[in-house]
Amino acid sequence: MDWMTQLLTKENIKVVLSVVWPIYLFVVAIWILMQRRAPVATLGWLLSMGALPVVGLIVYYFIGPQRLKRQRIKRLRARNKSRVRETARRIRDAQPQLASHMRELVKLVDETSGFPISTAESVQLLSGGAATFDQILEDVSRAQHHVHLEYYIYEPDQTGTRLRDALVERARAGVQVRLLVDALGAKRVNRKFIQPLLDVGGEFAVFHPTKIGRRLRPVINFRTHRKIVVVDGRIGFTGGVNITDEEDRRVNPNAYHDVHLRMVGPIVTWLQTTFLEDWAYALQKTDKDIPEDLDALLPDLPDGTHPMQLVTSGPDNPGEPIHRAHVFAVQSARERVWLTTPYFVPTEAAMYALTSAALRGLDVRLLVPEKSDSLVVTAAARSYFDELIHAGVKVYEYQARMLHSKTLVVDDNVAIIGTANFDNRSFRLNYEVCAIGYGPALNSRLQEQFMADISRSRLVEVDRKQAFLPRLGDSVARLFSPLL
């Protein structure tokens with residue numbers, strides 16, 4: 001061991017570090033700089049890598065900013081767009097009152113997400129998991145051709161079992177059933193639980209599974225946070241409700257408070273397109289990736305009376321469509337901005353949009369849970385309260401239960417509901433989907449829901465008193481905002 005002792009002298013270690021350290025910093029700097037992210041985030045990662053050469057590198061590899069490319073099914077989008085040109089013209093003719101800035105939002109979503117304006121025959125706001133599950137089960141039980149589902153969280157509990165059994169019954173009757181779940185959010189869904197569905201011809205896929213031999217980097221990020229149900233290509237659901245007892249007060253008295261949306265009509269075509277692209281991606285390089293009967297999956301439906309638009313985003317789209325849609329909608333507001341989100345960790349642009357709207361004299365309100373299911377996120381959200389309140393934003397904390405709704409009400413003619421939280425993870429790291437309603441139909445329903453939720457909330461005081469340690473904790477948590 002004498003040679004080892006001689007090798008590990010202070011002088012030799014200094015020489016090695018003086019050579020290796022600059023090389024390490026140079027390589028890491030090039031790697032991070034080539035991501036072309038925001039300067040503040042880039043500098044933060046560079047400092048972290050320099051201060052924590054081993055730990056920092058591991059953290060960056062697993063949860064640092066990444067790019068993901070995936071092939072879209074171009075023929076699906078081309079097919080759908082060829083059928084909506086006349087619909088878009090009729091909407092313009094029938095909706096002359098649609099303000100110019102709202103038409104700009106339609107254009108923005110179309111350019112960034114690729115989904116043009118469409119219509120719905122009907123829109124139904126479902127408040128609570130119980131109402132949502134009952135409606136989904138009712139529509140599934142009436143399915144004649146197919147049922148498609150995509151979920152972030154799907155638990156094999158009482159709620160998940162009820163839905164699985166309903167899917168088994170439909171598959172046994174000859175209905176096509178396809179279920180796509182996220183590997184992280186639905187990690188408890190095992191082969192034993194899903195086997196009854198497979199035995200009767202149902203299909204099942206996992207989004208970004210983590211297996212030996214597959215790269216592990218997407219484990220934390222790149223999740224499908226979408227909640228999608230499509231029945232016979234005509235009825236669609238999306239919103240915040242996952243498949244779990246945690247969302248049903250009949251099973252759990254402390255279940256999350258949430259809202260969901262049921263849509264009927266042509267808008268469902270684009271929800272179906274989103275599912276089919278995710279399904280094809282999850283089953284790429286197999287013979288089941290793209291269903292052949294697209295005519296039945298994407299039926300021609302008559303125009304509805306409610307203008308709507310779907311917007312999706314994910315790490316494969318650097319345009320950040322949902323982020324842009326929210327920020328533009330807030331910036332374009334003329335009277336009110338009412339935002340509900342369980343996780344409020346805004347980007348700089350989103351924060352500026354909210355505070356600027358309040359400073360312009362608009363009625364800006366933010367509703368968040370008093371205690372979310374993440375202590376770090378709760379602390380980070382509270383670190384923004386002072387700035388918001390001093391700008392004129394009314395901040396409310398929902399006290400009844402854990403608030404999980406994700407909605408935005410702008411004036412009387414724009415409403416957004418979907419799966420995206422108001423945070424960096426939803427805007428940039430996960431796959432999300434939102435529905436935008438133009439006109440009073442969805443807007444009025446969300447306004448009513450917002451006021452009902454406000455009645456169960458507490459207004460955060462302007463000069464709220466906060467002890468030093470909690471305030472310090474909030475400030476520290478804010479440093480991790482880009483990762484939350």
Side-chain angles (χ1 to χ4, degrees), residues 125-132 152-153 155 185 225 227 239-249 251-261 326 337-347 350-351 354 364-389 393-409 416-427 430 432 434 446-462 464 466 470-471 473-478 480-481 483-484:
L125 184 66
L126 301 165
S127 181
T132 301
Y152 174 61
I153 293 177
E155 292 289 349
H225 194 243
K227 295 91 179 168
V241 179
N242 287 290
I243 304 301
T244 168
D245 289 348
E246 291 293 322
E247 300 256 17
D248 192 339
R249 292 196 74 184
V251 181
N252 182 354
N254 295 318
Y256 293 0
H257 172 52
D258 215 332
V259 292
H260 219 67
L261 186 66
H326 277 78
V337 174
W338 293 354
L339 172 66
T340 304
T341 180
Y343 310 116
F344 181 76
V345 190
T347 62
M351 189 67 176
L354 289 172
V364 182
R365 307 186 194 185
L366 169 66
L367 177 59
V368 297
E370 183 177 42
K371 293 182 180 179
S372 77
D373 52 2
S374 170
L375 294 176
V376 177
V377 173
T378 299
R382 287 179 176 167
S383 73
Y384 294 94
F385 285 1
D386 289 342
E387 183 179 349
L388 290 166
I389 294 172
V393 178
K394 294 179 181 178
V395 180
Y396 295 86
E397 290 184 323
Y398 188 80
Q399 295 183 297
R401 291 169 282 137
M402 164 61 187
L403 177 73
H404 198 247
S405 307
K406 314 155 200 306
T407 66
L408 177 64
V409 173
I416 302 177
I417 178 174
T419 68
N421 300 305
F422 208 76
D423 63 5
N424 183 70
R425 182 164 297 280
S426 284
F427 289 155
N430 287 337
E432 307 281 1
C434 291
L446 287 183
Q447 283 195 42
E448 293 172 2
Q449 183 65 54
F450 188 88
M451 294 307 297
D453 293 342
I454 285 293
S455 68
R456 300 178 178 87
S457 306
R458 177 183 65 86
L459 179 65
V460 179
E461 299 296 333
V462 176
R464 62 192 181 106
Q466 193 177 21
R471 190 175 183 84
D474 293 353
S475 299
V476 172
R478 183 167 177 162
F480 295 93
S481 295
L483 308 179
L484 299 177

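- L408 approaches L446 most closely through the heavy-atom pair O-CD1, 4.4 Å.
- I417 CD1 to S405 OG: the interatomic distance, rounded to the nearest 0.5 Å, is 7.5 Å.
- Under the 4.5 Å side-chain criterion, counting only non-hydrogen atoms from C-beta, R456 is in contact with Y398.
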Going through the checks in order, is the side-chain contact (heavy atoms from CB on, under 4.5 Å) test met by V368 and Y396?
CA-CA 6 Å; V368 297; Y396 295 86; over 6 Å; no
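- Side-chain atoms of F385 and E461, non-hydrogen and from C-beta on, never get closer than 4.5 Å to each other.
- Side-chain atoms of Y384 and V393, non-hydrogen and from C-beta on, never get closer than 4.5 Å to each other.
- Atoms CG and CG, from D258 and L403 in turn, are 8.0 Å apart once rounded to the nearest 0.5 Å.
- Between the side chains of T407 and Q449, no donor-acceptor pair is found at a separation under 3.5 Å.
- Taking both residues in full, the closest heavy atoms of M402 and P342 are given as CE-CB, 3.8 Å, listed atom of the first, atom of the second, then distance.
- With E247 contributing its side chain and V241 its backbone, the two residues share no donor-acceptor pair below 3.5 Å.
- The aromatic rings of H404 and Y256 sit tilted, their planes meeting at an angle between 30° and 60°.
- Atoms CZ and CD, on R458 and Q399 in that order, are 6.0 Å from each other to the nearest 0.5 Å.
- Residues forming a side chain to side chain donor-acceptor pair (under 3.5 Å) with H225 (at least two apart in sequence, or on another chain): K227, E432.
- Taking CG from L261 and CD1 from I416, the interatomic distance works out to 12.5 Å, rounded to the nearest 0.5 Å.
- When all heavy atoms of P346 and M351 are compared, the pair lying nearest together is CG-SD, 3.9 Å.
- The shortest distance between side-chain heavy atoms of V460 and I389 falls below 4.5 Å.
- Side chains of L126 and V259 form no contact here, defined as non-hydrogen atoms less than 4.5 Å apart.
- Classified by interplanar angle (parallel below 30°, tilted 30° to 60°, perpendicular above 60°), the ring pair F422/F427 is perpendicular.
- R401 contributes a side-chain N or O that, together with a main-chain N or O of A255, makes up a donor-acceptor pair within less than 3.5 Å.
- Shown here for L339 and L354, the closest heavy-atom pair between the two residues is CD2-CD1, 4.2 Å.
- Looking only at distances, no side-chain donor or acceptor of S426 sits under 3.5 Å from a matching main-chain atom of D423.
- Between T419 and C434, the closest heavy-atom pair is N-SG, 4.2 Å.
- From T340, atom OG1 reaches atom NE2 of H257 across 8.0 Å, with rounding to the nearest 0.5 Å.
- Here the side chains of L366 and K394 are not in contact, with every heavy-atom distance at 4.5 Å or above.
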